Amino acid sequence: MGGALLEGWLRLGLDPKTVAVFEPQPASQISALGGRGLQINPNINSLTNVEAIVVAVKPQTAAAALPQLASMIGTATVVVSIMAGRTIRSIATALGRPCALVRAMPNTPAAIGRGISVAVADKPVTKAQRDLADTLLSACGEVAWVDDEDLINPVTALSGGGPAYVFLLMEAMAEAGRKAGLPADLAMRLARVTVSGAGELARLSGEPAAQLRQNVTSPKGTTLEALKILMADDGIQPLFDRAIAAATRRSRELAG
Ligand SMILES: NC(=O)c1ccc[n+]([C@@H]2O[C@H](COP(=O)([O-])OP(=O)(O)OC[C@H]3O[C@@H](n4cnc5c(N)ncnc54)[C@H](OP(=O)(O)O)[C@@H]3O)[C@@H](O)[C@H]2O)c1
């Protein structure tokens with residue numbers, strides 16, 4: 001996820017010389033950027049009062065990694081964490097010094113610049129710092145801001161895990177097509193292109209999903225027969241209600 005962000009910043013024209021990456025085992029793409037001036041694992045003491053720090057380590061690594069960052073933080077620095085399940089308070093405690101903190105939850109389409117991040121800013125974050133965090137996160141797609149940090153839990157459940165639900169939808173549609181007689185590879189191809197194409201159509205048209213659904217549902221037609229089952233009282237909505245509630249609960253548990 002950190003690599004995806006870096007790629008996005010470079011795409012937007014950020015000079016690699018202005019970026020330092022701390023990463024025990026840099027991927028070859030990162031090492032290659034060293035040739036363009038990217039600072040890879042520089043001496044941390046050589047960096048003070050940096051403009052922004054983006055924390056993209058695994059949450060379980062936070063306790064070990066965060067205290068090392070403290071010396072880079074100055075009065076102007078904004079720290080943006082994308083770690084799942086780590087609250088602003090726990091990050092502040094681990095950093096061991098007061099600073100301006102933004103917590104964000106991106107999702108994996110970030111890798112192709114088509115993710116969405118939801119961010120929350122702690123009180124000391126200034127307008128300029130929030131704008132900088134917004135710019136950094138928008139390199140990977142859209143950004144939405146919320147005021148209540150607890151909302152990051154349902155956000156994690158909906159957009160954080162969302163790509164997995166969509167991939168599952170592809171699998172389920174393909175499997176149902178196979179059971180209806182289609183060759184497995186054709187069924188998977190149909191499901192994959194249909195789900196991604198419908199997603200793109202929804203994005204570009206801007207019409208509400210319900211309207212787009214109605215547009216492809218002719219009265220007394222075949223789609224309607226399927227929708228009667230999917231939209232029944234025991235259809236897809238109660239399943240999603242339970243799934244999102246379970247993931248939201250788990251997100252709160254992980255945050256402690
Ligand atoms: N993937 C998602 O869908 C998603 C969505 C939202 C938020 N997030 C959050 O984004 C963060 C990164 O997730 P990811 O899926 O990209 O995981 P990841 O690929 O494992 O990224 C974590 C990176 O941090 C590096 N690292 C480990 N210890 C470090 C240290 N002490 N100092 C500096 N770097 C260190 C890891 O290096 P090694 O490989 O050498 O360990 C690894 O490259 C996580 O906190 C996750 O909760 C992920």
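In this text the structure is predicted, and so the values were computed from the model without any measurement. Atoms within each ligand, like the ligands themselves, are counted from 1 in listed order.
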Contact atoms of ligand 1, heavy-atom distance to [X] under 4.0 Å:
{"X": "T61", "result": "27 (C), 28 (N), 29 (C), 31 (N)"}
{"X": "P59", "result": "44 (C), 45 (O), 47 (O)"}
{"X": "F22", "result": "33 (C), 34 (N)"}
{"X": "T108", "result": "1 (N), 2 (C), 3 (O)"}

Give the single entry among A65, G2, A64 that approaches atom 31 (N) of ligand 1 most closely by any heavy atom.
A65

Would you mind finding which of T156, L254, I82 brings a heavy atom closest to atom 7 (C) of ligand 1?
I82

If you compare all heavy atoms of L5 against all heavy atoms of L136, which two are closest, and at what distance to 0.1 Å?
CD2-O, 3.7 Å

If you look at every heavy atom in Q129 and T75, which pair is closest and at what distance?
NE2-O, 3.9 Å

Going by an N to O cut-off under 4.0 Å, is there a salt bridge joining K179 and E175?
yes

Using 4.0 Å as the upper bound for N to carboxylate O, is an ion pair formed by R103 and D122?
no

Sub-4.0 Å protein heavy atom near [atom]:
{"atom": "atom 26 (N) of ligand 1", "result": "yes"}
{"atom": "atom 19 (O) of ligand 1", "result": "no"}
{"atom": "atom 47 (O) of ligand 1", "result": "yes"}

Partner of L151 by side-chain contact (heavy atoms from CB on, under 4.5 Å), out of D148, N153, D147:
D148

